[in-house]
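Okay, so here's the structure we're looking at.
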Amino acid sequence: MSVNTRPQVSPVAFSGVLGDTVRALAPHSEADPVGILGSLLSAFSAAVGNLPNVCFGTQSQALTVWPVLVGNTGLGRKGTATRVALDVLRTALPDWTKANILEGCPQSGPAYVSTLADMGGTALMLEEEFADLLKVSARYKNMGKALRRSWEGASVSNRTKEAVIHIDAPHVAILGNVTPTEWGTSVGRADKAGGTLNRFLPLYVERSKRIRLSDQISATEWARLIKPLADALKAAVLFARNTEEVTLSGEALKLWDDQLCEAIESLTIGREAMEQFAARGTDQAMRIAALYALADQRDEITPQDLDAAVGLVTYMAETVQFLSPDVTEAGASLPLEKRIEAFVRQAGEEGVPAGDLYRKFGMKKAEMEALVTGLSTVEIVAGRSTGGRPPRFYRYVAETVTSEGESEVTEVETEETDTVSVLTEVTEVPTLEVPSVALLSDDDWWTETEEEKALAESLKAPTVEAPKEAIPSAVEALRALMEAPKGEIKAEVKPSSLSAVEALQALLNGANATDAEPVKVVTPEPAEKVREISLRKAEVRPLGTKVVPPVLFKAPETEVAA
């Protein structure tokens, strides 16, 4: 399979009751049929409980399946596939789904154990942010350990101050959603071989078709279509809950030894990205085959069940290879430029964030830009700024062939709001740093312009030095005005160089003699400060850093009456 060709699931995977259910619902949904099948398998595996196990050789495996639907946002229809499967499960087991479906996984080991205990030890966890779950399990060892033990059906526990929470045989199914870009970057950082990731079953999904609104069936017709499918699923769940062991029939055992075991082992040949999943290939196939058998109300696995299970596991291997184009099918390394091109193309119309691409290939910005300069199918676009430097994306541009046989680049259609501008020259891309409104307001608060300084000076209380000879006449004139009865003036008012306000200030200060010293009219300082504010000098900081000055408040001193 070429690294740029999406994987194709074998029709044999859609067998038995589970396959019939998918075939009945798929024509009325835009979801990928393999996405509906994976979601239905996970839901069914959670509903059967922890009693039935699949036994092969000396091993006994719990029947839980953890699919991860990998598809581009909006185009993969991951959520649509999950909703279709849950519609069937909720119709079949309304009470069970209310008590045992959890939206989002807990974010730590102790929280996981406590939540699972509250749900009676059985849960179907829906994780739309699967990449976050991998980060948590890689960061906190107790979370990763709890997940791995749950997949095996082994006991989990947590000690608190009040008591020890212990779950003897947890039964947890996890159904995750993730984009191809998130999957690629998460695989590079999360724990791999022997860790949590290889317990999951990644399945690549795309929108299967576009259904016009006028062609969609009504909610009533949808419910009528689901009802018999839900009844069949409910009967299968009741059968499974009363079954302890699922074993292989003689024919199925012979088929496995002669053909399928070798087929599972060959999935890793020449596929570096698949190696971390190799240890779980047989376990995944046996679990899925047992679920196919129980869905048909049988406790024995037939060759058809095994073929269907191996078909789905093979699709999982093709998905991993498709999402991690590090090597070709024959094992020869691709040129680095082609690997970058393939990775960017898988991201779809949104493109790959620059940071994710650098981490994926372990390169710096200048090195990556130098490589993609020669690629006519990769462009760099600037995203919408949220107050700082605009984010950068690497986006795939399809190549078409003109009538003369020359290649020309066709830009991938994107929403106008997703990008601001297209950077055509990749060698040295200039970046316009636009500070946020909040940052500008802080800088203005710190900076005092010349106009602001002049205004501050003008608002200060004036200091007036009055000449000696001007004070008595002005003061006498004001006294005469204030003491004279209404309509009479007892003193002669002489012209003065002082203004009325200045003379009044001199009067209030008690200046009434010719030999008085020059008077300074100064607004007195308040006797008591209510608060003191200590401000540090503004510092030059990187763009996008908000500087907040320290503010110290001092309460006024008051006397308390005895």
Side-chain angles (χ1 to χ4, degrees), residues 17-18 21 35-54 61-69 78-79 81-130 133 143 146-158 165-177 199-201 226-227 229-244 246 287-288 290-291 294-295:
V17 170
L18 296 176
T21 302
I36 300 176
L37 178 62
S39 301
L40 195 60
L41 270 167
S42 183
F44 180 57
S45 72
V48 299
N50 60 2
L51 180 61
N53 280 256
V54 57
Q61 293 277 333
L63 296 186
T64 51
V65 179
W66 294 4
V68 180
L69 306 187
K78 304 182 293 293
T82 300
R83 285 193 296 272
V84 170
L86 292 183
D87 281 348
V88 180
L89 185 65
R90 288 191 173 106
T91 304
L93 306 168
D95 295 334
W96 185 90
T97 54
K98 289 178 182 178
N100 297 92
I101 290 183
L102 180 65
E103 298 281 350
C105 293
Q107 296 297 297
S108 69
Y112 174 85
V113 175
S114 299
T115 302
L116 190 57
D118 293 340
M119 301 177 71
T122 300
L124 171 60
M125 296 185 178
L126 310 178
E127 183 51 78
E128 294 183 356
E129 302 296 335
F130 178 73
L133 177 62
M143 181 63 175
L147 288 174
R148 292 190 293 271
R149 290 185 65 83
S150 296
W151 189 83
E152 296 164 359
S155 62
V156 294
S157 60
N158 177 44
I165 303 175
H166 182 84
I167 305 174
D168 186 45
H171 190 77
V172 181
I174 300 177
L175 178 55
N177 291 344
R199 268 74 171 178
F200 290 90
L201 191 78
I226 285 179
K227 184 63 170 63
L229 304 174
D231 290 342
L233 185 67
K234 181 178 181 179
V237 170
L238 295 177
F239 174 85
R241 289 178 179 176
N242 290 287
T243 303
E244 294 186 10
V246 180
R287 291 182 179 214
I288 295 171
L291 290 172
L294 290 175

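Only this structure's heavy atoms are used, side chains among them; waters, hydrogens and symmetry mates stay out.
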Return the minimal non-hydrogen interatomic distance between Leu233 and Phe44, and the atom names on each side. CD1-CD1, 3.6 Å
Beyond-backbone contact of Arg90 with Ile101, side-chain heavy atoms, under 4.5 angstrom: yes
Which heavy atom of Val48 sits nearest a heavy atom of Pro52, and at what distance? O-CD, 3.8 Å
Checking Asn100 side chain against Lys98 main chain: does a donor-acceptor pair fall under 3.5 Å? no
Do Ile174 and Trp151 have side chains that approach each other closer than 4.5 Å (heavy atoms only, starting at C-beta)? no
Which heavy atom in Ala47 sits nearest to a heavy atom in Val237, and how many Å separate them? O-CG1, 3.7 Å
Heavy-atom side-chain proximity of Leu40 to Thr21 below 4.5 angstrom: yes
Between CG on residue Leu18 and CG on residue Leu229, distance to nearest 0.5 Å: 11.0 Å
Answer whether the closest heavy-atom distance between the side chains of Leu133 and Met143 falls below 4.5 Å. yes
How about Leu86 and Thr97: do any of their side-chain heavy atoms sit closer than 4.5 Å? no
Atom OG1 of Thr82 and atom CG of Leu69: how far apart are they, to the nearest 0.5 Å? 5.0 Å
If you apply the rule side chain to side chain contact (heavy atoms under 4.5 Å, CB included), what do you find for Asn158 with Tyr112, and how did you get there? CA-CA 9 Å; Asn158 177 44; Tyr112 174 85; over 6 Å; no
Where Val156 and Ala146 come nearest, the two heavy atoms and their spacing: CG1-O, 3.9 Å
Tell me the closest heavy-atom pair linking Val65 and Ala173, and the distance in Å. O-CB, 4.0 Å
Is the shortest heavy-atom distance from the side chain of Ser42 to the side chain of Leu124 under 4.5 Å? yes
For Asn50 and Ala169, which heavy atoms make the closest approach, and how far apart are they? ND2-O, 3.0 Å
CG (Leu175) and OG (Ser39) are apart, to the nearest 0.5 Å, by 4.5 Å
Atom pair CZ (Arg287) and CG (Leu201), whose distance is rounded to the nearest 0.5 Å: 11.0 Å
Within the 4.5 Å heavy-atom criterion, are Arg199 and Leu147 side-chain neighbours or not? no
How many angstroms lie between NE2 in His171 and OG1 in Thr64, if you round to the nearest 0.5 Å? 6.0 Å
Crowded around Gln107 CD? As in, over 12 foreign heavy atoms under 6.0 Å? yes
Test ring-ring contact (aromatic ring centres under 6.0 Å, His included) applied to Phe200 - qualifying residues, sequence neighbours left out: Trp66, Phe130
Just to verify, what does Glu129 make a side chain to side chain donor-acceptor pair (under 3.5 Å) with, not counting sequence neighbours? none
When rounded to the nearest 0.5 angstrom, what is the spacing between CD in Glu152 and CD in Gln61? 8.0 Å
Arg83 and Asp87: CA distance, side-chain angles, deciding distance, salt bridge (charged side-chain N to carboxylate O under 4.0 Å, His left out) verdict: CA-CA 6 Å; Arg83 285 193 296 272; Asp87 281 348; over 6 Å; no
Are any non-hydrogen side-chain atoms of Leu63 and Val54 less than 4.5 angstrom apart? yes
